[in-house]
Amino acid sequence: MTGTLGAAGSLPGADAPLWYLGRATGTVSLLLLTGTLVLGVLVRRGGTVRGLPRFVVAGLHRNLSLLTVALLAVHVTTMVVDPFAPILLADAIVPFGSDYRPLWLGLGAIALDLLLAVLVTSLLRLRIGRSAWRAVHLLTFAAWPVALVHGLGTGTDTRQTWLLVLSAGCVLAVLGSVLWRIGAAVDLGPRRRAGLAALAVAAPVALSAWLATGPLGPGWAARAGTPGDLLAGSDPAGRPTGTATVSGGVEERVGGGQTATMTLSGTLAGGPGGRLRVVFHGRPIGADGISVTSGTVTLDPDAGGEYTGTLGPFDRDQFGATLRGPAGPADTVDLVATVTIDAGAGTFSGSVVVS
C-alpha cells in the first residue's frame, strides 16, 4: 500500500479560531511575499512589465509589500495570543529562543526581521540614500526562502494537500521568474548562466528531499521540537488521547471488476484503549494487497463514544485521519498509526498515537 499521511503535530480542534487565523494569515503572507519577489525579479532597476506603465508596477510592488507586512502583524499577534502553543512575542523577533519548535519558529523570526529592515529603510530612503536602501532591499530575496521553510517546518497543516499545492505553486513561480531573469541577462557568460540555472533548479529539489524526510516523514512533531505536553495530547475535555500498541486481524475481499477491500480490526493496549477498525478501498494488486483510493477509520475508546473519520493519503505502513466524536465538530482527535501488515497470515500490529 502506498501514499502519505499523518499529522505534523497535535492539531487544534475546531474551537481554536485564533490558531487557524494565524495559519491563514501566514499562508496568505507567503503568497503575497511570493508575488512581491516575482515582481522584483522580473522588473530590474526601474524597469517595467510589458503592457503596464512604470507607476502601476511600482505601486503594485509597494502595495503588495505593505499588505504582506500588515498580514504578518496579524499572523504574529494571533500566534502569540492563542494559548495552543507556548509562543511569546519575543520569539517572533529573537530567533531560536522559543520552547515551541525553536529552529523552525526561529526562521520565521529571521524572515520577519529581514522584512522589517526593508520596511524601515524604505521609510528612510531619502535620508540613507538609494545605494544603502537598495542593499537592504535585496534582503527580500533572502526572506522568501526562509519564510517558506519556516511555514513548512512549523505548520501543523503541512501535510494537507492544499498547502503543499500552494507551496509548490510559490516555488514554481519564483523558479520560473529566476530562470527567465538568468536567460534574459546580457552580462552573463554561458558557463555562469548554466551554473546559476543549475543552482536555481537544485534548490527546489533539495527542498523536496527535506520535505520527504522531515515534515512529511513520521515523528516530525517530536523531531521539530514540539513540547512534551502537546505531544502527549493532554486534553481537559476528556477526548481519547495517548500512545498505544495495536494488534489484530486482516480481512481482504475482492469484488467484481477492479475493486478490493482490506479491513484491519485490532485492539489498543495503552493510550485511549478500546478497538480500532480501518477499512481500505482500492484496486487489487495481487499478493501485495491493494492500491488504496479511499478508506475510513473508526476508534472505539475504552471511555466510550465512537470516533470516525475519512482516511487521508498514506505512505507504506503509516496512515492517519482526523476523527470526529459524538459531541460534534469540536470533539475531534487526530490519529496516526504505524503498522506492519502480514496479509498472508491475516494479522497486523504496530503503534497508534491519538492527539
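Counting all heavy atoms, side chain and backbone alike, V171 lies closest to W144 at CA-CH2, 4.0 Å. Contact record, P95 with G106: CB-O, 3.7 Å, taken as the closest heavy-atom pair. Of all heavy-atom pairs between A200 and P204, the closest is O-CD, 2.9 Å. Of all heavy-atom pairs between R277 and S265, the closest is NH1-OG, 3.6 Å. For the pair L299 and G273, the tightest heavy-atom approach, listed with the atom from each and the gap, is CD1-O, 4.4 Å. Pairing each heavy atom of L21 with each of T78, the nearest pair is CD2-CG2, 3.5 Å.
Note: F319 CZ to L311 CG = 7.0 Å, rounded to the nearest 0.5 Å. For the atom pair CG of L196 and CZ of R191, the computed distance is 14.0 Å after rounding to the nearest 0.5 Å. Interatomic distance, CG of L175 versus CG of L207, reported as 11.5 Å (0.5 Å rounding). Distance CD1/I93 to CG/L116: 7.5 Å, rounded to 0.5 Å. Expressed to the nearest 0.5 Å, how far CG of L199 lies from CD1 of I182 amounts to 8.0 Å. Between the OG1 atom in T36 and the CG atom in L32 there is a gap of 6.5 Å [rounded to 0.5 Å].
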*Can you check side-chain contact (heavy atoms from CB on, under 4.5 Å) on T259 and V254, steps first, answer last?*
CA-CA 6 Å; T259 62; V254 179; over 6 Å; no
*Run the numbers on T161 and V165 for side-chain contact (heavy atoms from CB on, under 4.5 Å), then give the verdict.*
CA-CA 6 Å; T161 302; V165 170; 4.1 Å; yes
*Run the side-chain contact (heavy atoms from CB on, under 4.5 Å) check on L323 and T308 step by step: do they pass?*
CA-CA 5 Å; L323 310 179; T308 61; 5.7 Å; no
_Determine whether V333 and Y307 satisfy the following criterion, side-chain contact (heavy atoms from CB on, under 4.5 Å), listing intermediate values before the conclusion._
CA-CA 8 Å; V333 296; Y307 286 75; 4.0 Å; yes
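In this structure a side-chain-to-backbone donor-acceptor pair under 3.5 Å is missing from R283 to V292. At distances below 3.5 Å, at least one donor-acceptor pair connects side-chain atoms of R193 with backbone N or O atoms of L188. With H75 contributing its side chain and G22 its backbone, the two residues share a donor-acceptor pair below 3.5 Å. A donor-acceptor contact shorter than 3.5 Å is absent between the side chain of D113 and the backbone of I110. Side chain of T158 to main chain of T154: no donor-acceptor pair is present (N/O by atom type, distance under 3.5 Å, no hydrogens or angles). Judged by distance alone, with hydrogens and angles left aside, the side-chain atoms of T293 form a donor-acceptor pair with the main-chain N or O of H281 at under 3.5 Å.
Partner of L152 under the side-chain contact (heavy atoms from CB on, under 4.5 Å) criterion, out of L30, L211, L107: L211 alone.
Contact annotation: the side chain of S29 never approaches that of L33 to less than 4.5 Å [non-hydrogen atoms, C-beta and beyond]. Annotation: side chain of V353 is in contact with side chain of T243 (closest heavy-atom distance under 4.5 Å). With a 4.5 Å cut-off on side-chain heavy atoms, T347 and V250 do not count as touching. Within the 4.5 Å cutoff, side-chain heavy atoms of L276 are placed close to those of V352. The shortest distance between side-chain heavy atoms of I128 and T121 falls below 4.5 Å. Looking at R275 and L268, their side chains never come closer than 4.5 Å, going by heavy atoms from C-beta outward. With a 4.5 Å cut-off on side-chain heavy atoms, S122 and W133 count as touching. You'll find the side chain of R125 reaches within 4.5 Å of the side chain of R130, heavy atoms only.
W210 and V146 fall within a single hydrophobic cluster, where Ile, Leu, Val, Met, Phe, Trp and Tyr are joined by side-chain heavy atoms under 4.5 Å apart, directly or via other members. Taken together through direct or relayed side-chain contacts under 4.5 Å among Ile, Leu, Val, Met, Phe, Trp and Tyr, L88 and Y100 form parts of separate hydrophobic clusters. L31 and V178 sit in two unconnected hydrophobic clusters of ILVMFWY residues. Membership requires side-chain heavy atoms under 4.5 Å apart, directly or through other members. By the criterion of side-chain heavy atoms lying less than 4.5 angstrom apart, applied directly or through intervening Ile, Leu, Val, Met, Phe, Trp or Tyr residues, V174 is grouped together with L164 in one hydrophobic cluster. Put simply, V69 and L138 are part of two different groups of oily side chains (I, L, V, M, F, W, Y) that touch within less than 4.5 Å, one to the next.
Here L139 pairs with L114, A117, V118, V136 under the side chain to side chain contact (heavy atoms under 4.5 Å, CB included) rule; sequence neighbours left out. In this structure, T310 has no side-chain hydrogen bond (donor to acceptor under 3.5 Å, both in side chains) partners at least two apart in sequence or on a different chain.
Defined by atom type and a distance below 3.5 Å, a donor-acceptor pair is present between the side-chain atoms of T322 and D334. R324 and T332 are not linked by any side-chain donor-acceptor pair at a separation below 3.5 angstrom, with hydrogens and angles left out of the test.
Applying the salt bridge (charged side-chain N to carboxylate O under 4.0 Å, His left out) rule to pairs touching residues 23-35 yields R23-D157, sequence neighbours excluded.
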